[in-house]
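This report concerns only the one structure given below.
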Amino acid sequence: MNRIIARLAVIVALALPATGSRAAELVMFERAGCVWCARFNAEIAPIYGKTEESQTAPLRRVDLNSPLPADLAGIDPGAFTPTFVVVKEGREIGRIRGYPGDAFFFGLLDRILSSTGSEPGRS
């Protein structure tokens with residue numbers, strides 16, 4: 001009986017990281033002093049967590065003045081900040097270079113998310 005429980009525990013432990021990596025995320029590459037990052041922070045950041053888009057692709061911030069996290073080693077952050085990259089299963093799905101303003105940001109993001117089948121509002 002203990003062997004069965006131990007095997008089940010190992011199977012569950014191995015399955016958890018794989019399940020977590022399937023979710024999409026919106027990675028924001030930013031730098032201190034970036035005026036457009038500050039504008040995003042003022043216009044979008046306060047509401048992003050309350051949107052359907054955030055349920056589909058939670059926001060993850062990466063400071064380009066620090067080493068890139070290992071799980072993003074295959075993603076080119078680009079030269080411009082902010083750069084927003086939708087990542088799913090460790091692969092880049094799409095990106096928004098720069099901050100286009102609050103009138104266009106969600107439209108561009110929705111276009112990327114719908115191309116992955118992860119359209120906000122879908123179950």
Side-chain angles (χ1 to χ4, degrees):
M1 185 68 157
N2 287 339
R3 286 180 139 179
I4 293 171
I5 292 172
R7 286 183 183 170
L8 286 174
V10 169
I11 290 170
V12 168
L14 291 174
L16 286 177
T19 303
S21 69
R22 290 192 179 123
E25 64 182 349
L26 176 63
V27 179
M28 177 184 178
F29 293 101
E30 60 185 338
R31 282 190 178 96
C34 167
V35 174
W36 292 102
C37 299
R39 189 165 165 197
F40 172 86
N41 288 335
E43 296 175 356
I44 301 294
I47 63 165
Y48 187 78
K50 301 171 188 169
T51 64
E52 291 179 355
E53 289 83 359
S54 76
Q55 301 303 309
T56 304
L59 180 64
R60 176 180 177 190
R61 295 169 177 268
V62 175
D63 182 355
L64 288 179
N65 293 327
S66 300
L68 285 180
D71 65 321
L72 297 177
I75 306 295
D76 178 11
F80 302 104
T81 56
T83 294
F84 301 91
V85 180
V86 176
V87 177
K88 188 171 183 181
E89 297 178 4
R91 290 186 1 231
E92 178 177 334
I93 302 304
R95 70 174 51 212
I96 301 170
R97 289 177 183 88
Y99 173 59
D102 59 348
F104 296 103
F105 180 79
F106 284 107
L108 293 170
L109 180 58
D110 288 345
R111 184 180 298 167
I112 294 168
L113 294 175
S114 67
S115 74
T116 68
S118 300
E119 195 169 356
R122 278 192 177 170
S123 307

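Only heavy atoms go into these numbers, but all of them, side chains included; no hydrogens, no water, no symmetry mates.
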Derivation of the side-chain contact (heavy atoms from CB on, under 4.5 Å) call for L26 and Y48: CA-CA 11 Å; L26 176 63; Y48 187 78; 3.7 Å; yes

Distance, nearest 0.5 Å, that separates CD1 of I96 from CG of L109: 5.0 Å

Between CD on residue E25 and CG on residue L72, distance to nearest 0.5 Å: 6.5 Å

Closest contact, heavy atoms only, S54 versus G49: OG-O, 3.1 Å

D63 to R31 - nearest heavy-atom pair and separation: OD1-CA, 4.2 Å

Set of side-chain contact (heavy atoms from CB on, under 4.5 Å) partners for A45, sequence neighbours left out: F40, N41, R61

V62 side chain near P77 side chain, heavy-atom distance below 4.5 Å: no

Sequence neighbours excluded and cut-off under 3.5 Å, please list the side-chain donor-acceptor pairs for residues 98-107, or say none.
residue : atom : partner : partner atom : Å
Y99     : OH   : E43     : OE1          : 2.6
Y99     : OH   : D102    : N            : 3.0

Same apolar cluster (I L V M F W Y, side chains within < 4.5 Å links), F29/V87: yes

Shortest non-hydrogen contact from N65 toward A32: ND2-N, 4.0 Å

Heavy-atom pair of closest approach, residues A24 and P58: O-CD, 3.2 Å

Qualifying side-chain hydrogen bond (donor to acceptor under 3.5 Å, both in side chains) pairs, either residue in residues 68-86, two or more places apart: R60-D71

Sequence neighbours excluded - ring pair (Phe, Tyr, Trp, His ring centres under 6.0 Å) pairs with any residue from residues 50-74: none

Transitive ILVMFWY side-chain link F80 to F84, under 4.5 Å: no

Spacing of NZ belonging to K88 relative to CG belonging to L113, to within rounding of 0.5 Å: 9.0 Å

Any residue meeting side-chain contact (heavy atoms from CB on, under 4.5 Å) with E92, in chain and number order, not counting sequence neighbours: I75, V85, R95

